[in-house]
Amino acid sequence: VLGFAVLNVVNAVFVQQTMKTASSDEELAFRQKERDKAMYTRKVKKLFRAMDFSGDGSISIEEFAKLVASPKLQFWISQLELEY
């Protein structure tokens, strides 16, 4: 009976530690997702700043047309992990 009780305690400690680790892994995954999202946002902002040749804070159809004709477009698209 004593051996069975000790085994139950060891099992409970193991399960508790496993749950702590799983919770920690979820937190790490959440933080990584937030970092990925922030990096993607920075890349998109950089793309739009590069497209705004006039620097007026908006992208005209002419500015967009220049970028579409540019070989840089393929680079920007790959940076954003999109297909063109």
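All values reported here derive from a predicted model rather than from experimental measurement.
Contacts of R31 classified as salt bridge (Lys or Arg N to Asp or Glu O under 4.0 Å), with partners at least two apart in sequence or in another chain: E27. By the side-chain hydrogen bond (donor to acceptor under 3.5 Å, both in side chains) test, Q32 pairs with R35, D36, sequence neighbours left out. For Q16, the side-chain contact (heavy atoms from CB on, under 4.5 Å) test picks out no residue, with sequence neighbours left out.
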For residues 42-53, run the donor-acceptor check on the side chains, cut-off 3.5 Å, and write out each pair with its distance to 0.1 Å, sequence neighbours left out.
from : atom 1 : to  : atom 2 : distance (Å)
K43  : NZ     : Q79 : O      : 3.2
D52  : OD1    : S54 : OG     : 3.2
D52  : OD1    : G55 : N      : 3.2
D52  : OD1    : D56 : N      : 3.4
D52  : OD2    : D56 : N      : 3.2
D52  : OD2    : G57 : N      : 2.7

